[in-house]
Amino acid sequence: MQNWISRHAEAAREMAETRPDLRKNLLEMSSINKRLVCEPPQTFREACQWILWYQMAARMYNGSGSLGKLDVLLQPFYDTDTKSETLTDEEATFILHAFCCATPATSNWADPMPQGKM
């Protein structure tokens, strides 16, 4: 698992060299994933990334991957980051949208019919 995450961190760093439009984000992704190999998440974005790694591994190895109570898991990171002004509500919203796109577990969170029609 650590090797897998490390390879993704290295790939993001390498991509940053050829993608100036995404360089900042790719370098941050690389840094976050390098840190998550051996350290617990410290920020809201790191916590979201760690949960996604956990879910991918759980789904591959035993088919589980329940996300649990995300609000309870992520609230301390959100509170710390917003209090220290390192995360805005707009950034948190973006991170959560990216999180939802990255995991199939969120596919049942929305009403399947427009305006609740059956």
Side-chain angles (χ1 to χ4, degrees):
M1 188 71 194
Q2 289 172 308
N3 189 347
W4 186 40
I5 296 171
S6 293
R7 288 194 318 267
H8 279 78
E10 181 60 24
R13 189 195 60 74
E14 289 172 3
M15 286 177 63
E17 295 172 9
T18 61
R19 294 294 307 268
D21 55 326
L22 299 175
R23 180 176 171 74
K24 181 181 175 188
N25 188 45
L26 288 165
L27 290 175
E28 187 172 354
M29 288 169 57
S30 177
S31 176
I32 286 170
N33 284 302
K34 281 181 188 176
R35 195 169 29 264
L36 290 178
V37 168
C38 296
E39 298 175 30
Q42 298 297 314
T43 67
F44 184 79
R45 185 172 178 180
E46 290 176 3
C48 287
Q49 181 64 61
W50 188 92
I51 291 169
L52 287 171
W53 284 124
Y54 164 80
Q55 178 165 15
M56 283 189 270
R59 286 190 181 274
M60 282 191 301
Y61 290 105
N62 66 9
S64 69
S66 170
L67 293 174
K69 295 184 175 188
L70 283 178
D71 57 334
V72 174
L73 293 170
L74 294 174
Q75 189 71 48
F77 296 101
Y78 173 82
D79 290 344
T80 299
D81 288 0
T82 54
K83 186 175 181 179
S84 67
E85 297 182 359
T86 58
L87 179 74
T88 66
D89 285 344
E90 184 178 351
E91 291 168 327
T93 300
F94 177 82
I95 291 168
L96 285 175
H97 281 231
F99 180 92
C100 289
C101 289
T103 178
T106 60
S107 63
N108 63 349
W109 287 4
D111 187 335
M113 296 294 197
Q115 291 125 24
K117 295 180 182 176
M118 302 275 270

query = Would Ile5 and Trp50 satisfy side-chain contact (heavy atoms from CB on, under 4.5 Å), going step by step from the backbone distance to the final call?
reply = CA-CA 10 Å; Ile5 296 171; Trp50 188 92; over 6 Å; no

Using the ring-ring contact (aromatic ring centres under 6.0 Å, His included) rule, collect all pairs that involve [range], keeping only residues at least two apart or in two chains.
range: residues 16-43; answer: none
range: residues 9-43; answer: none
range: residues 3-37; answer: Trp4-His8, Trp4-Trp53, His8-Trp53

Can you measure from [atom1] ([X]) to [atom2] ([Y]) and round to the nearest 0.5 angstrom?
X: Gln49; Y: Phe44; atom1: CD; atom2: CZ; answer: 12.5 Å
X: Arg23; Y: Met15; atom1: CZ; atom2: CE; answer: 13.0 Å
X: Gln42; Y: Phe77; atom1: CD; atom2: CZ; answer: 7.0 Å

Qualifying residue for side-chain contact (heavy atoms from CB on, under 4.5 Å) with Leu74, from Asp79, Ile95, Ile51 =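 When Asp79, Ile95, Ile51 are each tested with Leu74, the side-chain contact (heavy atoms from CB on, under 4.5 Å) holds only for Ile51.
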
ask   = Are Arg7 and Glu10 ion-paired here, with the side-chain N under 4.0 Å from a carboxylate O?
value =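 Salt bridge: no.
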
Check side chain to side chain contact (heavy atoms under 4.5 Å, CB included) between [X] and all other residues, then give those that pass, not counting sequence neighbours.
X: Arg19; answer: Asp21, Leu22, Leu26
X: Ser31; answer: Arg35
X: Thr82; answer: Tyr78, Leu87, Asp89
X: Asn25; answer: Met29, Arg45

key: Taking every non-hydrogen atom, the tightest pair across Pro40 and Glu46   = O-OE1, 4.4 Å

task = Return the minimal non-hydrogen interatomic distance between Arg13 and Ser30, and the atom names on each side.
result =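 Minimum heavy-atom contact is CB-OG, 3.6 Å.
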
ask   = Under the side chain to side chain donor-acceptor pair (under 3.5 Å) test, which residues partner Thr18, sequence neighbours left out?
value = none

inquiry  = Show, in sequence, the C-alpha distance, side-chain angles and deciding distance for Thr43 and Thr86, and conclude whether the side-chain contact (heavy atoms from CB on, under 4.5 Å) test is met.
reply    = CA-CA 9 Å; Thr43 67; Thr86 58; 5.9 Å; no

message = Would you say that Leu36 contacts Asn33 through its side chain, given a criterion of any heavy-atom pair below 4.5 Å between the two side chains?
response =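 Side chain of Leu36 against side chain of Asn33, heavy atoms only: contact under 4.5 Å found.
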
task = Tell me who clusters with Leu27, hydrophobic residues only, linked when side chains sit under 4.5 Å apart either directly or through other members.
result =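 Result for Leu27 is none, singleton.
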
Partners of [X] by salt bridge (Lys or Arg N to Asp or Glu O under 4.0 Å), sequence neighbours excluded?
X: Glu91; answer: none
X: Glu39; answer: none
X: Glu14; answer: none

query = Do any N or O atoms from the side chain of Gln2 and from the backbone of Val37 form a donor-acceptor pair under 3.5 angstrom?
reply = yes

task = Find out if a path of hydrophobic residues (ILVMFWY) with successive side-chain heavy-atom gaps under 4.5 Å connects Tyr54 to Phe99.
result =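 Shared cluster, yes.
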
